[in-house]
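Remember, it's 1-based here, ligands and their atoms both numbered in the order they're listed.
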Amino acid sequence: RVKDSGRDGYCKFSQDLSEAVDERLALENALRHALREEQLELHYQPVIDMEQRRIVAVEALSRWRHPERGLIPPDCFIPIAEDTKLILPLGEWVARKAIGQFRSWRDQGVMLDCVSINTSGIQLFRPGFVEGLLGILKEYGVEGRHLQIELTENVLMQDVEVCRAVLTRLRDEGIRIAIDDFGTGYSSLAYLKQLPIDMLKIDRSFVSDVPDDPNDCAIVEAIVALAYSLDLVTIAEGVETDAQEFFLRQMGCHRLQGYRYSRPIAAGEFADFVKGFPWGGFP
Ligand code: C2E
Ligand code: MG
Ligand code: MG
Ligand code: MG
């Protein structure tokens, strides 16, 4: 996980635990305990469609509510979960929780097109991954088209052939596939035509300095142009300001996500947020 080591800086929690005698075991045990004791939560961040001017989707983001240490962000525990394979039960928990939540929002009249979940390579390459998701969808009576999977470029590059097989099966079920943090991984662009991808999520690092930084403007413009010609939907991540929104809209970016609209919030709050949107002032 190239990007996550450092982007959000120093991870106090894992640093503390690294000082334990057997750091890996300590973390693994703590996380295993967290899963069992239901200390994990999902927070939800809305995705706004520029043309429809409404919230079309929501991204589910994991948090660990530690009894002593408070809310721990995913960059501090997802890498450990991946190393220890705990990402498998964790990922399944995320899928069940997010899909179940989507179901209950629908039942409450909160109509979103889809819920998006972040997915690690370990999950994707695990035999039975697709069946597992389909089982959960069926359990909650949610159609595949309401689910979106976010993968990073590095995951896709691990094994393009296997990816193609798995992604094609997801696609056949209507499940959508987004490339997360697009532009930050080690990848070739060739996979974009080899794999059944639906969306590119433009990484926050390119969005944060538009419209002031001409290089970032050029990169965003190029990504949007590429996406248009390949018939992919673009989502800008990390939109915080009016000026960024204005620029991205002008570029023709389809969807925006970021603190400008909402931070990731708890499920209950999210329903109210959707009902109140668009607030006064949003064009
Ligand atoms: P991501 O999927 O790229 O998610 C976007 C991250 O940017 C989230 O951080 C979100 O809170 C943050 N963000 C959103 N809008 C803004 C903004 O306007 N400004 C700033 N500064 N930040 C913004 P978070 O929730 O800490 O998640 C970090 C990463 O952890 C995620 O990046 C994703 O790669 C990973 N992750 C989170 N939940 C899961 C999960 O359930 N499974 C897996 N495999 N990975 C997860
Ligand atoms: Mg994501
Ligand atoms: Mg991202
Ligand atoms: Mg990410």
Regarding Asp180, does it place an N, O or S atom less than 2.8 Å from the Mg ion (ligand 3)? yes
Check each of Ser120, Ala178, Ala236, Ala98 against atom 44 (N) of ligand 1 and report the one with the nearest heavy atom. Ser120
So, Asn118 and the Mg ion (ligand 2): N/O/S under 2.8 Å, yes or no? yes
Starting from Ile235, walk the hydrophobic network (Ile, Leu, Val, Met, Phe, Trp, Tyr; side-chain heavy atoms closer than 4.5 Å) and list everyone else you reach, by chain and number. Val47, Met199, Val233
With a 4.0 Å cut-off on heavy atoms, is Arg63 in contact with ligand 1? yes
Need one value: angle at the Mg ion (ligand 3), Glu237 atom OE2 versus Asp181 atom OD1, rounded to 10 degrees. 150°
Contact check: Gln123 vs ligand 1, nitrogen or oxygen atoms, below 3.5 angstrom: no
Are the side chain of Gln158 and the backbone of Gly121 linked by a donor-acceptor contact shorter than 3.5 Å? no
Backbone N/O of Asn118 and side chain of Glu150: donor-acceptor pair under 3.5 Å: no
For the residue pair Tyr228 and His254, is the inter-centroid distance of their aromatic rings smaller than 6.0 Å? yes
Would you tell me whether Asp203 and Ser205 have side-chain atoms, one donor and one acceptor, within less than 3.5 Å of each other? yes
Go through ligand 1 atom by atom and flag the ones less than 4.0 Å from a non-hydrogen atom of Glu240. 17 (C), 18 (O), 19 (N), 20 (C), 21 (N)
Taking all atoms of both residues into account, what is the closest heavy-atom pair of Ile72 and Arg69, and its distance? CD1-CB, 4.3 Å
Going by the closest heavy atom to atom 43 (C) of ligand 1, which one wins out of Val155, Leu90, Asn118? Asn118
Going by ring-ring contact (aromatic ring centres under 6.0 Å, His included), name the pairs with one or both residues in residues 32-61, residues two or more places apart or in two chains. Tyr44-Trp105
Ligand 1-proximal atoms of Glu59, by part, heavy-atom distance under 4.0 Å: side chain
